[in-house]
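To start, the structure under review is shown below, and the notes come after it.
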Amino acid sequence: MPQRVNRPRLGQNFLVSATAQAAIVDALGDLSARTVVEIGPGRGALTGLLAARSKRLVAVELDRELAGRLRANFAERENVEILQEDVLETDLAKLRGGDERLIVVGNLPYYITSEILLQLFRYAGEIERAVVMMQREVAVRVAAQPGRRDYGVLSATAQLFAHVETLMTLPPGAFSPPPQVHSTVLRLTMAPRFPELGVEPEDFIVFVRACFAQKRKMLGKNLRNAGYAADAVMAALEASGVPVKARAEEVDLERMAVVWKRLWKNYEDVPQAHG
Ligand code: SAM
């Protein structure tokens, strides 16, 4: 049989550490009554364990050859479905069966980590939790707390949608072929904070992006650049206890929400900021 060539462009670094494979699946909790979605099953490092433990497993693999091989390997298992498609185009709502929300797992293709995370957050209402592996540097950003250098728009967005836990970090040698980076597994327990913060999801996310538009610049400057009037920005920062010279990375989501609510009242004055 000819040796199959890896497709590095598809982020194909396969997890060969059996300890890590078991730990990732264990981190999902009891799967016996659940539909599990696996992103990028590849050669099936996690797929066999997931198939044995879950009620239903839907594995989404873009690579035609790998998907074909998985279909053949799991042909006997009635609870396993292999979809050969781009996970960014998968309608996760359609995969949900019954009342229980989906469980998502994947050693992600690193070249589209942020896009996949954003997609998971778009479907946050359909997902209970996700255990996902990504490049360590990206995981550090997702999990960073306000006031830390790594806290940015990805951290704020992730933490608006989910409780983030860092589970483990793996060296390149846990994979074949070894990637050039360390990898970290995060567990995201979906718990959108919009109602508690009293903000409109779509508008607030646009606002958070504007706050971080130029990360090294002061929050007030970024908001003025986004079209908010200077005096309204000053008043909103003052009312929410945010120092005038603060950068967005220093401001937690609670205070950012207060700033947004203050500015939102001046909506009529700054239509371009919300257009
Ligand atoms: N889960 C396997 C493992 O741990 O060994 C493979 C992980 S590998 C890092 C990423 C996998 O995602 C590859 O199998 C790759 O073909 C697949 N992939 C890449 N882009 C994808 C996409 N847009 N949609 C679905 N799968 C994708």
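All values reported here derive from a predicted model rather than from experimental measurement. First listed ligand is number 1; within each ligand, the first listed atom is number 1.
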Determine all donor-acceptor pairs shorter than 3.5 Å in which one atom belongs to a side chain in residues 216-224; sequence neighbours excluded.
unit_1 : atom_1 : unit_2 : atom_2 : d
Arg216 : NH1    : Glu249 : OE1    : 3.4
Lys217 : NZ     : Gln214 : OE1    : 3.1
Asn222 : OD1    : Gln214 : N      : 3.3
Asn222 : ND2    : Cys211 : O      : 2.8
Asn222 : ND2    : Gln214 : O      : 3.0

Side-chain atoms of residues 80-88: list all donor-acceptor pairs with protein atoms under 3.5 Å, sequence neighbours left out, distances to 0.1 Å.
unit_1 : atom_1 : unit_2 : atom_2 : d
Gln84  : NE2    : Leu62  : O      : 2.8
Glu85  : OE2    : Thr90  : OG1    : 2.6
Asp86  : OD1    : Leu88  : N      : 2.8

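The residues Glu61 and Arg43 are annotated as not salt-bridged, no charged nitrogen and carboxylate oxygen being separated by less than 4.0 angstrom. Salt-bridge formation is not detected for the pair Glu100/Lys55: no Lys NZ or Arg NE/NH1/NH2 atom is positioned less than 4.0 Å from an Asp or Glu carboxylate oxygen.
Listed by chain and number, Leu10, Gly11, Gln12, Asn13, Phe14, Leu15, Glu38, Gly40, Pro41, Gly42, Ala45, Val60, Glu61, Leu62, Asp63, Leu66, Glu85, Asp86, Val87, Asn107, Leu108, Pro109, Tyr111, Ile112 each place a non-hydrogen atom less than 4.0 angstrom from ligand 1.
Leu170 and Ala20 get closest at one heavy-atom pair: CD1-CB, 3.7 Å.
Glu115 is linked by a side chain to side chain donor-acceptor pair (under 3.5 Å) to nothing, counting only residues two or more places apart in sequence or in another chain.
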